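Report on one structure; see the data block that follows.
A, B, ... follow the sequence lines: proteins, then strands. Residue 1 opens every chain. Below, all heavy atoms of this structure are taken into account, side chains as well, without hydrogens, waters or symmetry copies. Computed from a prediction, not measured in an experiment: that's the story for all the values here.
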Amino acid sequence: MSGDQLHNDSQIEADFRVNDSHKHKKDKEHRHKEHKKDKDREKTKHNNSEHKDSSEKKHREKDKHKESEKRRDGEKEKHGEKEKLGEKPAEKEKHVEKEKHGEKPAEKEKHGEKEKPGEKEKHGEKQAEKEKHGEKQAEKEKQGEKQAEKEKHGEKHGEKEKHGEKHKDKHREKRKEEKNKSLGGSVKVKKENGFSGALRIKDEPEDNSCNILPKEHAKTLKRSRVEEDSEFKPKKIKTEDVKKTKKRKQEEEDVKPKKSKSRNRGHEGDVKKKKGKKEEEEKWKWWEEERHADGVKWKFLEHKGPVFAPPYEPLPDNVKFYYDGKVVKLSPKAEEVATFFAKMLDHEYTTKDIFRKNFFKDWKKEMSAEERGFMTNLGKCDFNELGQYFKAQSEARKQMTKQDKLKIKEENERLLQVYGFCVMDNHKERIANFRIEPPGLFRGRGNHPKMGKLKRRIMPENIIINCSKDSKVPTAPAGHKWKEVRHDNKVTWLVSWTENIQGSIKYIMLNPSSRIKGEKDWQKYEIARRLKKCVDKIRNNYREDWKSKEMKARQRSVALYFIDKLALRAGNEKEEGETADTVGCCSLRVEHIKLHPEMDGLEFVVEFDFLGKDSIRYYNKVPVEKRVFKNLQLFMENKQPEDDLFDRLNTSILNKHLQDLMEGLTAKVFRTYNASITLQQQLKELTSSDDNVPAKILSYNRANRAVAILCNHQRAPPKTFEKSMMNLQTKIDAKKDQLGDARRELKSSKADAKVRRDERTRKLVESKKKAVERIEEQLMKLEVQATDREENKQIALGTSKLNYLDPRISVAWCKKYGIPIEKIYNKTQREKFAWAIDMAEDDYEF
DNA sequence: TTGCTAACTTAGAAAGCCCTCC
DNA sequence: GGAGGGCTTTCTAAGTTAGCAA
């Protein structure tokens, strides 16, 4: 069932989301009103089956939660320290009783306040050990239940109230069904990736000292740099290489043969090292210079402003639009929006109900009153001629003469030269996206409730320019003016505007090769390296918290365990009806996991199934530690599928906690850390110095793939995948035949040589031998290529390579095994990672 | 503490470009 | 030389995080 069949009434969906930690605008607006209503509802909640207002409901949940918290807090205060430990006298007695009867350390640990921290840790280990090595299942479970019972105390009451009400909600089932459909049949749903944690490397034999000071990590760098918190020193100004711009074209020329060589799988030929080296020498090595003081992003910034989308060109008269079979000459505005739809006719989007509904609604707003009057049914609109016209145009573009193509290319190059660069602190830097997004129809991913809405044309009057006071402010297009000119050197953007779909701000920023982006990237990996030093401590810490008396701490620790073990994203709360229903760790709902005490011969298996960022499905079956499993059971107790799994947790709470554990630590850092450490470890495991270059590259790709799988970087299999695999197989078969022939020839020449014993035949044998070797190598390369491609069918390597893998690991690997860096990073990637390529030696350790 | 949002990173899809092969 | 196909680049959506204000 396709995702568009999901309900498209976002209100309905919003109505039945029960989440006591959700915060919404609506809530705020209605806060005072709701508060009053709340009390009344409490009285009548048992018959309350027809609530229509989600914000009301959420607010109620929130208040109940608060009340429950208050109750607990009150109790805590009353009972002093004992309460802090979550244990009432009676319970304590029970506990002593249990100990008498030979309770396991697990029980003791629950009451860990009695133990010294060191003992605690030991206990934790022992416990894990014991659990692994055959404590009786039944006993364990019983224990877990008791524990859960106790720990829920003081919270359960509120929870029950909450759920008593929830059970009444008749629409919930509907929502559940829809969610299921969404998970099972959304457009972007991919095959199960089926990985377990097997690829993960969790324990580094490194010292586990927790180095939390950012200053320390700087020592590990090749060159020292000014620390974030250090006093600002005026940056050394390095004169810009004036040739650089002119050289760009030249460079591209230089790179062409390089590219071609590196792409040519048949040849392992050297790249043009000399030219490459020269190129790099002339690059500005910002990483050898001092950084700006904290917060200051630049001292001088000058640019030419953005490039606007070309104005709309009306359709030629012979291209007709029909409504209900009759030709309709649309007004210019309506026609423009109609062309947006027509250009997407081949796309699945235009078949989706939500898309069509949103489009038609917004299109109507652009129509004249007359058009609006009679065009009331999108189904009666015939865009086919328009669609064909655009297809023909696109074909014509492909068929253009070389000269015409060159003209366009030159014009693009001219635009790039004018608008594609800025001057930042005396250096000419490339801008990433200097073109303003053209108008069109919004293409949200997954089941986005706003797909199909009209993305309006951005005008200069919508644009905020950011540059330095002493720079030449870009001039607005004739007859227009900028919305605002700002001089804010605490931000990195050059241009911004607010888009109309989500009301979010869009920016024009610098290219990843720029100093400003590179520095940030470098810093990101340094933070991840700092995490490496304290990750053991943090892991021990969260393991301890699995036994905490505080529900919040338990949830936090289990969530952190997932983030660490499974590289899940933090999972911010999202506004319902505004975006696709996707989740991350903190926003997981009960319906997203299934608990299996035993599965496929493994104990305590958690089955995850949810849509993550970009509505990419995350499916994984993971054996977890018993304590995690029991905690999950506890978190799910008395909850409905659509309730938050971690109802006491959000990303803000989690990140604040992480900040206390290590300066600069956030949930995201775990992804970077685990990705990089996995790459390093996998490279060590997979690379053999005896291998030839293609085999080593296959090992690299496999290591990269392990990370991509860990991070769940999926892609839709290329449309031409099957065909290209078949072609490759044909090539392999042909090569095998060729090899057979060559071997036969070698054999016969050898026989010949035995008889004749002359120089000529001996030489012939030699050449036949070489031919066989050459073909064997070619065959091996093809086979490696096939393996690589097959393994890569649904995995996207680029995202992890670009965003999660410390490039110095790759650089060091290349240096160590004599692999040209061009085999791993293409030109753009080399530009982005210039800092790493320059500074990492073959012995670099992440 | 909560809500809001600016600023930035991360993400997959689509478009564009260029190489290989016939 | 042009068709096919793979790699690169562009595009922009969708996340995360920090910081501010009430």
Side-chain angles (χ1 to χ4, degrees), chain A residues 21-29 31 62 66 187-188 190 256 259-266 297 347 394 397-399 402 405 408-409 412 432-438 440 442-446 448 450-451 455 488 490-493 496 498-499 501-507 509-512 516-517 520-521 524 569-575 578-580 582-584 586-587 612-616 650-656 658-659 664 666-669 671-672 711-716 718-721 723-724 727-728 731 785 789 796 798-800 802-804 826-829:
Chain A
S21 58
H22 277 202
K23 305 141 193 140
H24 300 304
K25 278 181 192 166
K26 283 181 238 164
D27 289 354
K28 201 183 176 185
E29 285 164 15
R31 176 173 296 163
K62 202 175 273 179
K66 275 182 198 162
V187 193
K188 292 186 77 177
K190 307 279 165 63
K256 270 180 194 169
K259 260 187 182 173
S260 119
K261 286 235 173 184
S262 65
R263 275 179 178 183
N264 186 352
R265 290 196 182 88
K297 302 288 166 49
H347 207 288
S394 150
R397 265 198 302 277
K398 281 180 199 160
Q399 302 301 325
K402 264 193 173 177
K405 280 184 183 171
I408 294 175
K409 208 177 168 188
N412 283 338
N433 55 325
F434 58 89
R435 290 172 201 273
I436 299 285
E437 295 172 21
F442 177 71
R443 302 177 177 211
R445 310 236 167 115
H448 201 294
K450 294 192 173 179
M451 64 167 76
K455 254 179 74 168
D488 183 358
K490 298 280 176 74
V491 296
T492 64
W493 55 267
S496 78
T498 305
E499 55 91 34
I501 305 290
Q502 327 256 23
S504 65
I505 306 169
K506 299 261 184 167
Y507 303 94
M509 290 185 190
L510 294 193
N511 200 49
I516 219 159
K517 294 287 182 189
K520 208 66 195 297
D521 214 30
K524 174 180 78 186
R569 293 187 186 84
N572 284 310
E573 291 149 26
K574 295 168 79 187
E575 210 164 325
E578 295 292 306
T579 55
T582 62
V583 296
C586 294
S587 50
K613 184 178 179 180
D614 290 327
S615 294
I616 297 289
N650 59 37
T651 52
S652 169
I653 293 170
L654 179 66
N655 280 337
K656 263 175 204 144
L658 292 175
Q659 201 62 236
T666 63
K668 193 163 81 86
V669 179
R671 243 166 111 80
T672 312
C711 294
N712 201 37
H713 291 145
Q714 298 185 40
R715 63 166 184 174
K719 283 167 196 157
T720 52
F721 183 80
K723 198 180 168 193
S724 84
N727 290 346
L728 196 54
K731 275 188 194 171
Q785 197 184 340
R789 201 179 289 175
T799 307
S800 49
L802 236 46
N803 300 299
Y804 289 105
N826 65 30
K827 183 173 172 275
T828 313
Q829 291 164 341

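- Ring geometry for A:F442 against A:H448 counts as perpendicular: the plane angle is over 60°, on a 0 to 90° scale with 30° as the lower cut.
- Contact annotation: A:H347 side-chain N/O to B:dA14 OP1/OP2 distance is under 4.0 Å.
- Taking only side-chain nitrogens and oxygens, A:Y507 never comes nearer than 4.0 Å to OP1 or OP2 of C:dT12.
- Between A:K450 and C:dA13, a side-chain N or O to OP1/OP2 separation shorter than 4.0 Å is absent.
- Remark: A:S652 is not in phosphate contact with B:dT2, judged by side-chain N or O atoms under 4.0 Å from OP1 or OP2.
- Both A:R443 and A:N572 sit near DNA chain C, but only A:R443 has its closest nucleotide nearer the 5' end.
- Between A:R397 and B:dA15 there is no side-chain polar atom (N or O) within less than 4.0 angstrom of OP1 or OP2.
- Between A:K827 and C:dT8, a side-chain N or O to OP1/OP2 separation shorter than 4.0 Å is absent.
- At the phosphate of B:dT10, OP1 or OP2 sits under 4.0 Å from a side-chain N or O atom of A:K668.
- Close to C:dC11, at under 4.0 Å from its OP1 or OP2, lies no side-chain N or O of A:N433.
- Phosphate contact (OP1/OP2 of C:dA14, side-chain N/O of A:H448, threshold under 4.0 Å): present.
- An OP1 or OP2 oxygen of C:dA14 is reached within less than 4.0 angstrom by no side-chain nitrogen or oxygen of A:T579.
- Here A:Q502 does not reach the OP1 or OP2 of C:dA13: none of its side-chain N or O atoms lies under 4.0 Å away.
- Residue contacts for A:P438: at a heavy-atom cut-off of 4.0 Å it reaches the sugar-phosphate backbone alone, with no base atom in range.
- Distances shorter than 4.0 Å separate none of the side-chain N or O atoms of A:K405 from OP1 or OP2 on B:dG16.
- In terms of position along DNA chain C, the nucleotide closest to A:F434 lies nearer the 5' end than the nucleotide closest to the other residue of the pair A:F434 and A:T582.
- For A:K297, a side-chain nitrogen or oxygen approaches OP1 or OP2 of B:dC8 to under 4.0 Å.
- For A:T651, the side chain to side chain donor-acceptor pair (under 3.5 Å) criterion is met by A:N572, not counting sequence neighbours.
- For A:E499 and A:S504, the side-chain atoms include at least one donor-acceptor pair closer than 3.5 Å.
- A:N826 is linked by a side-chain contact (heavy atoms from CB on, under 4.5 Å) to A:T828, A:Q829, counting only residues two or more places apart in sequence or in another chain.
- Distances shown here put a side-chain N or O of A:N826 below 4.0 Å from the OP1 or OP2 atom of C:dT8.
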